[in-house]
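Bear in mind that the values here come from a model prediction, so they are computed numbers and not experimental data. All values below were derived from every heavy atom in this structure, side-chain atoms included, with hydrogens, water molecules and symmetry-related copies excluded. Quick note on labels: first sequence line is chain A, next is B, and so on, each numbered from 1.
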2 protein chains.
Amino acid sequence: MNKSRVLRPAPDLPAEEAQAARFEKARLAQSTAVLEDYAELISDLIASEGEARPTDIARRLGVSHATAIKSIARLKREGLATSKLYRGVFLTPNGETLARRVRTRHRLVVDLLLAVGVPQGAAEADAEGIEHHVSDETLRAFAEFLDRK
Amino acid sequence: MNKSRVLRPAPDLPAEEAQAARFEKARLAQSTAVLEDYAELISDLIASEGEARPTDIARRLGVSHATAIKSIARLKREGLATSKLYRGVFLTPNGETLARRVRTRHRLVVDLLLAVGVPQGAAEADAEGIEHHVSDETLRAFAEFLDRK
DNA sequence: TTCTAAATGTAGCCTAGGCTACATTTGTTC
DNA sequence: GAACAAATGTAGCCTAGGCTACATTTAGAA
């Protein structure tokens, strides 16, 4: 039945697996993207406003407060944040570490986009989605490229 | 109650909205990422194997065939693909157009990563997630940067 | 101190995209 | 042409992350 399968030479198989692995990595990155965004935002809000409240988080992310509260619950489940009823949200040490890493990465991505000639607005907008898929290896390359400039 | 709200100066508000808009754009890009991946893959399979079958699509993406079939159903709902029971999958003209656009964008992203010094493996892996968040404006900047090199 | 608006939290719904388990169809092989 | 293995499709479950509607708590104002 499967004629094409039989005809396909063996060398294709490793390539197929590599492709599948790339997609899987992208899916994984996506599943942590929300956590990363929240961690960074909570950290920013605490730094600039003194506290991170669900309503402010929701407004900044452009989602309803109910959605924000649900995601905050996930952050808590994953050990990245803490909060008490009707009180603001705080990051655990793990959450702080994540926020720092995300902030650094975000800046590097924006800077790289600017360095290759992407206009400011587009750089900031696109970085918001791109950053979650930039591996440490790629990040290192970005840093070196910016150093050379 | 909301002291920080009152204290926050007006100039913050446009910035908040801009930030929310960036996140919303990223969410939107994410929701079309799967469609884009399938369209490109189906197009590739038809070109290289003569047909695109759910099992092959599933194996290449690293998901179960049931998942692939569900996503193919969404492609059909969105007018990007067609298929008959127990037959392969085909792209509509809209699907073809999307696939072409995605393929071009994918190549450009990989090329740009390579050009700034990202190692081949990381470039190919990261591009899989990054590409979906690269706007036309950014893509143009990438192309110009590569031309200059 | 009480009232009330805003913030916070809860419930329940939806879609997308994963999965496994099972049913059906196809096409090759004997 | 019958049997069987592989491909395809279906059903049902799960989680994440959207939403609206409603309930509860808080804290500032009167």
d([atom1], [X]; [atom2], [N]) in whole Å:
| X | N | atom1 | atom2 | answer |
| --- | --- | --- | --- | --- |
| A/L75 | D/dA16 | CG | C1' | 13 Å |
| B/E24 | D/dG18 | CD | P | 10 Å |
| A/I69 | C/dG9 | CD1 | C1' | 5 Å |
| A/D56 | C/dA7 | CG | C1' | 10 Å |
| B/K70 | D/dT8 | NZ | P | 18 Å |
| A/K76 | C/dT8 | NZ | P | 12 Å |
| A/K84 | D/dT25 | NZ | C1' | 16 Å |

Are [X] and [N] close enough that a side-chain N or O sits under 4.0 Å from OP1 or OP2?
| X | N | result |
| --- | --- | --- |
| B/R59 | D/dA7 | no |
| B/R53 | D/dT8 | yes |
| B/R77 | C/dA16 | yes |

Looking only at side-chain atoms of [X], point me to the closest of [options].
| X | options | result |
| --- | --- | --- |
| A/R74 | D/dA16, D/dC19, D/dA27 | D/dA16 |
| A/P54 | D/dG18, C/dT8, C/dC19 | C/dT8 |
| B/T55 | D/dG17, C/dG9, D/dA7 | D/dA7 |

Review item, side-chain donor-acceptor pairs of residues 37-47 of chain B, under 3.5 Å, at least two apart:
| unit_1 | atom_1 | unit_2 | atom_2 | d |
| --- | --- | --- | --- | --- |
| B/D37 | OD1 | B/H132 | NE2 | 3.0 |
| B/D37 | OD2 | B/H132 | NE2 | 3.4 |
| B/Y38 | OH | B/S71 | OG | 3.3 |
| B/S43 | OG | B/R103 | NH2 | 2.5 |
| B/D44 | OD1 | B/R103 | NE | 3.2 |
| B/D44 | OD1 | B/R103 | NH2 | 3.1 |

**Item:** Residue pairs passing the side chain to side chain donor-acceptor pair (under 3.5 Å) test where at least one lies in residues 89-98 of chain B, sequence neighbours excluded
**Value:**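 Matches after skipping sequence neighbours: none remain.
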
Which side-chain N or O atoms in residues 113-127 of chain B pair as donor and acceptor under 3.5 Å with protein atoms at least two apart or in another chain?
| unit_1 | atom_1 | unit_2 | atom_2 | d |
| --- | --- | --- | --- | --- |
| B/Q120 | NE2 | B/E124 | OE2 | 2.6 |
| B/D126 | OD1 | A/K25 | NZ | 2.9 |
| B/D126 | OD1 | A/S135 | OG | 3.4 |
| B/D126 | OD2 | A/S135 | N | 2.8 |
| B/D126 | OD2 | A/S135 | OG | 2.7 |
| B/D126 | OD2 | A/T138 | OG1 | 2.6 |

**Near-strand residues of residues 28-41 of chain A, defined as heavy-atom separation under 4.0 angstrom from DNA chain D** =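 Those residues are A/V34.
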
**Message:** Which residues pass the side chain to side chain contact (heavy atoms under 4.5 Å, CB included) test with A/R77, not counting sequence neighbours?
**Reply:** A/R74

**Item:** Partner residues of B/R140 under the side chain to side chain contact (heavy atoms under 4.5 Å, CB included) criterion, sequence neighbours left out
**Value:** B/D136, B/E137

**Prompt:** Transitive ILVMFWY cluster of B/L85 at side-chain heavy atoms under 4.5 Å: who else is in it?
**Reply:**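 B/Y86, listed by chain and number.
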
**Basic-acidic side-chain contact under 4.0 Å: A/R59, B/E17** =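 No salt bridge links A/R59 with B/E17.
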
**Request:** Under the ring pair (Phe, Tyr, Trp, His ring centres under 6.0 Å) rule, collect the residues that match up with B/H133, sequence neighbours excluded.
**Result:** A/H133

**Asked** Of A/R27 and A/R87, whose nearest nucleotide on DNA chain C comes first from the 5' end?
**Response**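 The residue mapped nearer the 5' terminus is A/R87.
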
Polar atom pairs between nucleotides 20-24 of chain C and protein, under 3.5 Å, N or O only, would you list them?
| unit_1 | atom_1 | unit_2 | atom_2 | d |
| --- | --- | --- | --- | --- |
| C/dT24 | O2 | B/Y86 | OH | 3.4 |

**Request:** Check for a donor-acceptor pair, side chain of B/T32 on one end and backbone N or O of B/L35 on the other, with a separation under 3.5 Å.
**Result:** no

